[in-house]
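These notes are about the structure you will find just below.
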2 protein chains.
Amino acid sequence: MAQRKLTSTNTMNRDFLNNTCGMMYAIDMLNGRWALLILYKLENRTLRFSELKKRVPKITDRMLTLQLQELEKNGLVIRSVYAEVPPRVEYHLSESALNLIPIWKQLEKWGDAHKGTMENAMQSAV
Amino acid sequence: MAQRKLTSTNTMNRDFLNNTCGMMYAIDMLNGRWALLILYKLENRTLRFSELKKRVPKITDRMLTLQLQELEKNGLVIRSVYAEVPPRVEYHLSESALNLIPIWKQLEKWGDAHKGTMENAMQSAV
DNA sequence: CGGCATCCGGAATGATACTG
DNA sequence: CAGTATCATTCCGGATGCCG
């Protein structure tokens with residue numbers, strides 16, 4: 001199998017992450033370009049694959065699949081498969097992930113608050 | 001110059017980030033393997049390059065340099081150069097970055113709390 | 001519908017050597 | 001001390017096509 005691994009622990013091993021702090025552990029769990037956005041979109045609802053895809057702009061099937069697998073592996077997202085004729089697969093947040101919501105809220109607030117501040121700096125980036 | 005860009009806005013453009021939510025903007029600012037760890041180590045102190053390097057295990061000069069440049073560019077880290085004979089360069093958090101601290105605290109707590117929960121899931125990852 | 005397999009380019013990171 | 005330059009490698013993520 002080619003790229004099962006989307007992110008998670010390349011340079012640092014699990015011990016290091018555990019010993020350093022829960023934060024780095026968390027960061028490792030949440031790494032990946034789409035992870036946060038997906039969790040965000042699943043904030044308070046259950047969505048199926050195609051619905052999620054619609055709500056995450058520009059993501060490809062492949063990336064959505066890989067990222068969802070990663071999130072499921074990390075225990076943040078629950079995947080439910082229904083054996084129906086057009087197959088139906090739904091995703092929703094786990095308990096752990098639900099506890100992240102308030103943190104996202106703050107991070108979002110921080111982002112909104114500092115967007116302006118950073119604009120100058122970002123000019124040179126583009 | 002080769003790789004000035006460490007991260008920031010590959011797939012999604014700035015507009016998208018701005019329109020979607022401050023969170024994705026924040027994520028983009030904080031992207032990169034070492035960003036969070038560096039900010040964490042600078043939490044309540046000023047450190048010079050070599051000191052930071054000691055505290056960030058396994059990071060290379062190059063990566064530390066690039067990541068610090070990125071953080072400085074994003075307005076999260078302040079770089080101070082002192083024209084001394086052995087050159088001295090110190091880094092500390094900006095106002096914006098200081099506002100992130102409480103969020104890290106929560107994220108760290110979340111990580112600690114859910115480490116155990118995720119262990120089973122992580123088994124299959126290794 | 002909800003994936004997975006393969007190929008591939010570009011970005012991120014590492015290793016090593018060198019400098020003001 | 002605090003980097004920079006260059007080369008090599010690994011990994012992310014997109015495009016396409018196939019399948020139950």
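Values reported hereafter were calculated over all heavy atoms of this structure, with side chains retained and with hydrogens, waters and symmetry mates removed. The chains referred to below are lettered A, B, ... by the order of the sequence lines, with proteins before strands, and numbering in each begins at 1.
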Is Lys54(A) salt-bridged to Glu51(A), going by a charged N under 4.0 Å from an acidic O? no
Report yes if a side-chain nitrogen or oxygen of Arg48(B) is closer than 4.0 Å to either non-bridging phosphate oxygen (OP1 or OP2) of dA2(D); otherwise report no. yes
Just N and O in the side chain of Ser50(B): are any of them under 4.0 Å from OP1 or OP2 of dA2(D)? yes
Spacing of Ile59(B) atom CD1 relative to dG3(D) atom P, expressed in whole Å: 12 Å
Between the OG atom in Ser50(B) and the CZ atom in Arg55(B), the distance rounded to the nearest 0.5 Å is 10.0 Å
Please state how far atom CD in Glu72(B) lies from atom P in dA2(D), giving the value in whole angstrom units. 15 Å
Of dG3(C), dC1(C), dA2(D), the nucleotide closest to the side chain of Pro87(B) is dA2(D)
Whole angstroms only, please: what is the CG-P distance between Leu68(A) and dG13(D)? 14 Å
Separation of Glu70(A) atom CD from dC11(D) atom P, in whole Å? 13 Å
Using atom CG of Asp61(B) as one end and atom C1' of dA5(D) as the other, report the distance to the nearest whole Å. 13 Å
How close or far is atom C1' of dC7(D) from atom CE of Met63(B), stated in whole angstroms? 13 Å
Starting at CD1 of Ile78(A), measure out to CG of Leu93(A) and round the result to the nearest 0.5 Å. 9.0 Å
The test is side-chain contact (heavy atoms from CB on, under 4.5 Å); show your working for Leu107(B) and Leu36(B) and say whether it passes. CA-CA 11 Å; Leu107(B) 196 55; Leu36(B) 281 306; 5.9 Å; no
Please report the distance, rounded to the nearest Å, between NZ in Lys53(A) and C1' in dG13(D). 13 Å
Please determine whether a side-chain nitrogen of the Lys or Arg among Arg45(B) and Glu90(B) lies less than 4.0 Å from a carboxylate oxygen of the Asp or Glu. no
Short side-chain N/O contact to dG13(D) OP1/OP2 from Thr60(A), under 4.0 Å: no
Given dT4(D), is OP1 or OP2 found less than 4.0 Å from the side-chain N or O atoms of Gln69(B)? yes
Distance check needed: dG13(D) P versus Trp34(A) CH2, whole Å only. 8 Å
Nucleotide of dT13(C), dG2(C), dT4(D) approaching Arg62(B) most closely (side-chain heavy atoms): dT13(C)
I want to check one thing: is the phosphate of dC12(D), taken as OP1 and OP2, less than 4.0 Å away from some side-chain N or O of Gln67(A)? no
Phosphate contact (dG3(C) OP1 or OP2) by Tyr91(A) side-chain N/O below 4.0 Å: yes
Taking 4.0 Å as the cut-off, does a side-chain nitrogen or oxygen of Arg79(A) come that near to OP1 or OP2 on dG3(C)? yes
With respect to the side chain of Arg33(B), which nucleotide from dG3(C), dT13(C), dA2(D) is positioned closest? dT13(C)
